[in-house]
S.K.: 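Next up is a structure, given as structure tokens.
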2 protein chains.
Amino acid sequence: MYTLFFQHLNSKVQLTEEEQAHIKTYLTLKKIRKKQYLLQEGDVCKVIAFVEKGALRAYSVDDNSNEHIIQFALEGWTISDLYSFLTGDPATYNIDALEDSELVLISKSAHEELLQTMPKYETFTRLNITGAYLAMQRRLTSIKSSTAEERYQDFIALYPHIAQRVPQHMIASYMGLTPETLSRVRKRISSK
Amino acid sequence: MYTLFFQHLNSKVQLTEEEQAHIKTYLTLKKIRKKQYLLQEGDVCKVIAFVEKGALRAYSVDDNSNEHIIQFALEGWTISDLYSFLTGDPATYNIDALEDSELVLISKSAHEELLQTMPKYETFTRLNITGAYLAMQRRLTSIKSSTAEERYQDFIALYPHIAQRVPQHMIASYMGLTPETLSRVRKRISSK
DNA sequence: AAAGAGCATTGATCTAAATCAATGCTTTTA
DNA sequence: TAAAAGCATTGATTTAGATCAATGCTCTTT
């Protein structure tokens, strides 16, 4: 059940069996069905969710009821409204399941206690957030300096597994394009 | 000389005099004149720089020689090409000084040794990168869901000190706009 | 099996911002 | 102090992508 989670953890910081068992006492499992919310805008985000199986997305909704997807999470990825989680402020994002999914949850109190008592967990957290920061920076850079076509090519190259499992209009949203525009971009690409 | 740096450090993790003295042995000071490079694309980024005084920017240059500013750093901020710093790959960004500046530098070896020997330094690093991640996410969200006008208003509200010290065309670049467009945006705003 | 929702595609039109171009500052540099 | 570089502004034109609208297809749900 926790296999992927501990695989991911061990790839960042080497843990003994005892340490793994100890961490396990802080975790909970959750199954969530397709279309169900893990978090709704306005609620406080209580957990960091690691995806063992399935797929989720985080998105905001603007004044015109348009959805803006800011993140996908497949197996092996983590998803949360980190700002809400850390500050306790109401979430500005929704998170829901794109497929029936299995999650490993870390509550705020578990997270804080592990940070304070287990240096390796802090290292794990630091490495995770560093990776997330770098990914976000790359994304921001590409938004500013590339055309829609280049960005789509980059996306496909970087996340082929997402492209295969997620509807196109959501990928369009993630890339900041309308579904119509992405459709035309794809047509242009395929005709070359 | 290190006053701002330790002020910043202490605001995140409480340190004794001894701990501060210890950390100080890992730091170096550097003065850099306006227009000088701290880092050039293609070189490996060797340091994380904390700005004690002055102002710097990080930017990339695209195929058409257009500059894309990705970050400003004034007093109290940190600047680096973190990807290059961490991986040792050639930098994809340039960093130069917008004003004569004074920096506190942390080398890679200093950074690694402090991370491994001083838990508080790791906590400091984790909190810093978390803040940077959240700021970046906010920026990405605003690029996707707001008009140029809203984004400029947000920028001014969030970073009034930058707006005062940095030329407009650089702010335009930071926001992903041309100088002409920013000029017109400002005109529109001021006439309301 | 029928009805409906969700989705991708294509066409026509519109619009925000980019591009090209010129002008008059102000600040550097020689 | 003259020349040049850097900068902000304004105008005219172009363009990438958005918006509006319609169609057919494929899943769900009943």
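To find a chain, count down the sequence lines: A is the first, B the second, and so on, and within it residues start at 1.
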S.K.: How are the rings of B/Tyr152 and B/Phe155 set relative to one another: parallel (under 30°), tilted (30 to 60°) or perpendicular (over 60°)?
M.R.: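 The arrangement is parallel - the two ring planes meet at less than 30°.
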S.K.: In whole angstrom, give the distance that lies between atom NZ of B/Lys34 and atom C1' of D/dG6.
M.R.: 10 Å
S.K.: Could you provide the dot-bracket string of DNA chain C, using ( ) for intrastrand pairs, [ ] for crossing pairs and | for bases paired to another strand, with Watson-Crick or G-U pairs below 3.5 Å?
M.R.: ||||||||||||||||||||||||||||||
S.K.: For the side chain of B/Thr178, counting heavy atoms from C-beta on, which of D/dA18, C/dA18, D/dG11 is nearest?
M.R.: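 The closest nucleotide is C/dA18.
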S.K.: Looking only at side-chain N and O atoms, does B/His169 come under 4.0 Å of OP1 or OP2 in D/dA8?
M.R.: yes
S.K.: Check every atom of D/dT19, C/dC20, D/dA8 against the side chain of B/Gln168 and return the nucleotide holding the closest atom.
M.R.: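 Taking heavy atoms from C-beta onward, the closest nucleotide is D/dA8.
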S.K.: Could you tell me if the ring centre of A/His111 sits under 6.0 Å from that of A/Tyr121?
M.R.: yes
S.K.: Counting heavy atoms from C-beta on, name the nucleotide in D/dG17, C/dC20, C/dT10 closest to the side chain of B/Glu180.
M.R.: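 That would be C/dC20.
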S.K.: Any side-chain heavy atom of B/Leu56 sitting closer than 4.5 Å to one from B/Leu98?
M.R.: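 Answer no - side chains too far apart.
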S.K.: Taking the six-membered ring for Trp and the full ring for Phe, Tyr or His, determine whether the centres of A/Phe72 and A/Tyr174 are under 6.0 Å apart.
M.R.: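 Centroid distance A/Phe72-A/Tyr174: below 6.0 Å, so yes.
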S.K.: Roughly, in whole Å, what's the span from CZ in B/Arg188 to P in C/dT15?
M.R.: 14 Å
S.K.: Expressed as a whole number of angstroms, how long is the span from B/Leu182:CG to C/dA18:P?
M.R.: 10 Å
S.K.: Please tell me if the side chains of A/Asp96 and A/Tyr59 come closer than 4.5 Å, counting only heavy atoms from C-beta onward.
M.R.: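 Result yes, sub-4.5 Å side-chain heavy-atom pair found.
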S.K.: In whole angstrom, give the distance that lies between atom CE of A/Met170 and atom P of C/dA8.
M.R.: 9 Å
S.K.: Can B/Phe50 and B/Leu103 be said to form a side-chain contact (heavy atoms from CB on, under 4.5 Å), step by step?
M.R.: CA-CA 5 Å; B/Phe50 176 88; B/Leu103 309 174; over 6 Å; no
S.K.: Map B/Arg186 and B/Lys35 onto DNA chain D by nearest heavy atom, then report which one ends up closer to the 5' terminus.
M.R.: B/Lys35
S.K.: Applying a 4.0 Å non-hydrogen cut-off, can you work out what A/Leu177 is touching in the nucleic acid: base, sugar-phosphate, or nothing?
M.R.: sugar-phosphate
S.K.: Evaluate the side-chain proximity of B/Ile23 to B/Leu15: yes if any heavy-atom separation is below 4.5 Å, no if none is.
M.R.: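 The answer is yes, as the side chains (C-beta and beyond) meet within the 4.5 Å cut-off.
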S.K.: For DNA chain D, whose closest nucleotide is more 5', that of B/Val166 or that of A/Thr147?
M.R.: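 Between the two, 5'-proximity favours B/Val166.
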S.K.: Would you say that A/Thr125 contacts A/Asn128 through its side chain, given a criterion of any heavy-atom pair below 4.5 Å between the two side chains?
M.R.: no
S.K.: Roughly how many Å is it from CE in B/Met175 to P in C/dA16, rounded to a whole number?
M.R.: 16 Å
S.K.: Please determine, for the side chain of A/Pro167, which listed nucleotide (D/dA8, C/dC7, C/dC20) has the closest atom?
M.R.: C/dC7
S.K.: In whole Å, what is the span from the CG atom of A/Leu98 to the P atom of C/dC7?
M.R.: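 Interatomic distance, CG of A/Leu98 to P of C/dC7: 10 Å.
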S.K.: Examine D/dT9: is either OP1 or OP2 under 4.0 Å from a nitrogen or oxygen in the side chain of B/Ser183? Give yes or no.
M.R.: yes
S.K.: To the nearest Å, how far apart are B/Asp100 CG and C/dT28 P?
M.R.: 11 Å
S.K.: Does B/Lys187 put a side-chain nitrogen or oxygen below 4.0 Å from OP1 or OP2 of D/dT10?
M.R.: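 For D/dT10, OP1 or OP2 has a side-chain N or O of B/Lys187 closer than 4.0 Å.
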S.K.: Whole angstroms only, please: what is the CD1-C1' distance between A/Ile143 and D/dG17?
M.R.: 14 Å
